[in-house]
Number of protein chains: 2
Amino acid sequence: MTGPRSLAETEKAVQAKLGDVPLRHDAMAAIANVYRAAAAVRQHVENSVLREAELTWTGFVVLWVVWIFGEMETRHVAQEAGISKGTLTGVARTLESRGLVVRAPHPSDGRMAMLSMTAAGEELMSRLFPAFNAEEAFAADRLSGAECDQLAGLLRRVVAQLEDNGEARRLELLEGAAPTPRRSGRKRKD
Amino acid sequence: MTGPRSLAETEKAVQAKLGDVPLRHDAMAAIANVYRAAAAVRQHVENSVLREAELTWTGFVVLWVVWIFGEMETRHVAQEAGISKGTLTGVARTLESRGLVVRAPHPSDGRMAMLSMTAAGEELMSRLFPAFNAEEAFAADRLSGAECDQLAGLLRRVVAQLEDNGEARRLELLEGAAPTPRRSGRKRKD
DNA sequence: CTGAACTCGTTTGGCCTCGAACAATATGGG
DNA sequence: CCCATATTGTTCGAGGCCAAACGAGTTCAG
């Protein structure tokens with residue numbers, strides 16, 4: 001969350017703003033850094049290995065999912081990639097226009113669509129994935145193998161906490177009140 | 001990166017695809033979880049405390065920066081918030097239209113613009129920030145205080161590695177070759 | 001069989017996102 | 001003073017992002 005300002009400086013400024021309100025500073029530092037690290041990694045990878053392949057981070061992840069798991073229903077692809085189904089429609093369209101992926105109707109259920117790799121997609125991924133992993137390794141270069149495992153473990157607990165209890169928590173915060181409708185979104189037809 | 005599929009299953013599939021290519025599996029797991037955790041936290045916070053305030057994550061971060069550090073040159077706001085200056089222009093416009101922030105010309109340098117809070121912005125943040133922090137604490141609920149500090153420390157090392165060595169690494173990967181120009185971007189005028 | 005209820009992928013609207021191109025301004029040397 | 005260079009914030013284009021609304025298709029109860 002914070003850029004080049006020193007941590008101490010930021011902490012002091014926060015204290016000055018909310019000196020009396022009790023805050024969880026440890027959680028603040030941990031979560032803020034999760035976001036900062038994610039952005040830094042994405043930036044680095046997009047501007048190194050993904051740039052030449054003209055792929056975005058999300059495009060790569062979707063491609064990766066289809067590559068690893070093979071032909072798949074699009075809803076499962078979206079879930080694995082961690083994006084909404086609406087987003088997947090657009091990303092899949094982009095990948096399809098680049099000839100890396102093909103969309104096909106589900107053989108027995110007319111509602112579904114399947115996504116699978118083309119030969120060009122296969123070829124690209126077998127070249128790109130090792131390079132991608134090398135940049136992950138570069139990002140983690142200051143961590144030992146054990147520390148990587150530790151980091152992964154701590155983060156998995158954060159993810160699990162939100163997946164297990166997030167929805168209940170959000171409902172609890174609303175306290176029965178109707179959730180504020182999203183500012184954007186499709187308009188009703190009538 | 002991976003959703004509900006079991007870790008073991010994913011590992012096995014990766015091995016099957018690239019059995020002979022040596023990969024850093026520990027770094028892969030660590031970095032993938034950084035991204036997953038960041039997305040999960042953002043999702044949760046946007047759908048709880050930020051929803052009612054009609055703020056996006058980025059809008060909140062920008063507001064937070066101006067709130068904490070006071071009137072600021074927009075380039076510094078962008079840097080602190082971790083977004084590009086082009087993005088900041090749009091986000092600041094949104095916040096200004098909501099009456100939370102004001103833009104003013106720099107007193108002595110005509111190129112620059114200053115951003116500062118309105119009274120409404122102050123008021124919103126003093127209410128919103130404690131709630132935001134409470135959700136950070138909720139996300140970190142399965143971590144002890146010491147583990148939060150540990151997590152923050154590990155992530156800071158990842159960020160530092162990319163900040164210190166990222167650019168050199170990207171240049172090295174290019175090997176003198178001209179970087180692929182971005183697909184999008186403003187067209188040349190002539 | 002038929003219609004209500006559900007489920008899937010797509011569309012839509014508002015916004016964020018980057019980086020390159022640009023206009024406006026500033027700075028420094030000649 | 002003038003002009004080249006550097007630095008700002010803005011504009012632009014392609015695309016990612018979500019959730020709500022939607023249409024097409026399925027399922028199941030009556």
Side-chain angles (χ1 to χ4, degrees), chain A residues 39 42-47 50-51 54-62 72-79 81-98 103-115 170 179-190, chain B residues 38-39 42-47 50-51 54-62 72-79 81-98 103-115 179-190:
Chain A
R42 179 176 175 150
Q43 192 91 347
H44 173 72
V45 175
E46 281 192 338
N47 284 326
L50 297 187
R51 181 65 85 87
E54 302 208 325
L55 282 179
T56 61
W57 174 277
T58 305
F60 175 82
V61 172
V62 167
M72 233 180 159
E73 295 164 20
T74 66
R75 71 203 156 120
H76 293 321
V77 176
Q79 187 168 29
I83 58 179
S84 74
K85 57 187 187 164
T87 299
L88 180 65
T89 297
V91 174
R93 200 190 337 267
T94 303
L95 293 175
E96 193 171 25
S97 77
R98 302 249 213 296
R103 200 190 302 262
H106 188 284
S108 67
D109 190 329
R111 293 167 299 182
M112 301 186 195
M114 310 294 289
L115 231 50
R170 288 190 290 275
T180 309
R182 213 167 196 269
R183 205 165 241 283
S184 62
R186 185 167 178 160
K187 297 283 182 274
R188 193 152 280 147
K189 209 184 178 186
D190 77 11
Chain B
R42 178 177 176 150
Q43 192 91 346
H44 173 72
V45 174
E46 282 192 336
N47 284 326
L50 297 186
R51 180 66 84 88
E54 303 208 325
L55 283 178
T56 61
W57 174 277
T58 305
F60 176 83
V61 171
V62 167
M72 233 180 159
E73 296 164 20
T74 64
R75 71 200 156 122
H76 293 321
V77 177
Q79 186 167 30
I83 58 179
S84 74
K85 56 186 187 164
T87 300
L88 179 65
T89 297
V91 174
R93 202 192 333 268
T94 302
L95 294 175
E96 193 171 23
S97 78
R98 302 248 213 295
R103 199 190 304 259
H106 188 283
S108 67
D109 191 329
R111 292 168 301 183
M112 300 186 195
M114 310 292 290
L115 233 48
T180 310
R182 212 169 197 266
R183 202 166 244 282
S184 63
R186 185 167 176 160
K187 296 283 182 272
R188 192 153 282 148
K189 208 182 178 187
D190 74 13

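In what follows, every chain begins at residue 1, and chains take the letters A, B, ... in the order their sequences are listed.
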**Prompt:** When you check every protein heavy atom under 4.0 Å of nucleotides 2-8 of chain D, what one-letter string (B, S, -) results, 5' to 3'?
**Reply:** -----BB

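For the pair R93(A) and D109(A), nearest-nucleotide mapping onto DNA chain C gives the more 5' position to D109(A). Between K189(A) and T87(A), the residue anchored nearer the 5' end of DNA chain D, judged by the nucleotide with its closest heavy atom, is T87(A). A residue-by-residue look at G110(A) and G59(A) shows that G59(A) has its nearest nucleotide of DNA chain D further toward the 5' end.
Spacing between atom NZ of K187(B) and atom P of dA20(C) amounts to 12 Å, rounded to whole angstrom units. Counting to the nearest Å, the C1' atom of dA21(C) and the CZ atom of R183(B) are 19 Å from each other. The CD-P distance, from E46(B) to dG16(D), rounds to 18 Å in whole Å. E96(B) places its CD atom 14 Å from the P atom of dC15(C), with the value rounded to the nearest Å. Note: CE (M72(B)) to C1' (dG9(D)) measures 16 Å, nearest angstrom. Across the protein-nucleic acid pair, R103(B) atom CZ and dG9(D) atom P stand 10 Å apart, rounded to whole Å. Atom CD1 of I83(A) is separated from atom C1' of dG15(D) by 13 Å (rounded to the nearest Å). Residue R186(B) contributes atom CZ, which lies 14 Å from atom P of dA20(C) at whole-angstrom precision.
Between P181(A) and E54(B), the shortest heavy-atom distance links the atoms O-OE2, 4.4 Å. Across all their heavy atoms, R51(A) and T180(B) have their closest contact at NH1-O, 2.8 Å.
Proximity note for R188(A) (side chain, C-beta onward) versus dC22(D), dC18(D), dG15(D): the nearest is dC22(D). Ranking dT17(C), dA20(C), dC18(D) by closeness to the R51(A) side chain, first place goes to dA20(C). Residue S184(B) has its side chain nearest to dA14(D) when only dA19(D), dC17(D), dA14(D) are considered. Checked against dG16(D), dC12(D), dA19(D), the side chain of S84(A) finds its nearest nucleotide in dA19(D).
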Extract all donor-acceptor atom pairs below 3.5 Å that involve side chains of residues 86-93 of chain B and protein atoms in other chains or at least two apart in sequence.
| from | atom 1 | to | atom 2 | distance (Å) |
| --- | --- | --- | --- | --- |
| T87(B) | OG1 | S84(B) | OG | 3.1 |
| T89(B) | OG1 | K85(B) | O | 3.3 |

**Asked** Between R170(A) and H44(B), does a side-chain hydrogen bond (donor to acceptor under 3.5 Å, both in side chains) hold up when you go through it step by step?
**Response** CA-CA 8 Å; R170(A) 288 190 290 275; H44(B) 173 72; 3.0 Å; yes

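Counting non-hydrogen atoms under 4.0 angstrom, Q43(A) reaches the backbone sugars and phosphates but no base. Nucleic acid contact for S97(B): none, since no nucleic acid atom lies under 4.0 Å from a heavy atom of the residue.
No hydrogens or angles were tested; on distance alone, a donor-acceptor pair under 3.5 Å links the side chain of R182(A) to the base of dC18(D).
A side-chain donor-acceptor contact under 3.5 Å links E46(B) to the backbone of W57(B).
For the pair M114(B)/M72(B), no side-chain contact is recorded, criterion being any heavy-atom separation below 4.5 Å from C-beta on. Contact of the H76(A) side chain with the L115(A) side chain is not registered, since no non-hydrogen atoms from C-beta on lie closer than 4.5 Å. Side chains of H106(B) and R111(B) form no contact here, defined as non-hydrogen atoms less than 4.5 Å apart.
OP1 or OP2 of dC15(C) has not a single side-chain nitrogen or oxygen of T58(B) nearer than 4.0 Å. Between N47(A) and dC18(C) there is no side-chain polar atom (N or O) within less than 4.0 angstrom of OP1 or OP2.
To the nearest 0.5 Å, atoms CG (D109(B)) and CE (M112(B)) are separated by 4.0 Å. Interatomic distance, CG of L50(A) versus CZ of F60(A), reported as 6.5 Å (0.5 Å rounding).
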Could you pull out the protein-nucleic contacts involving nucleotides 2-4 of chain C (nitrogen or oxygen on both sides, under 3.5 Å)?
none

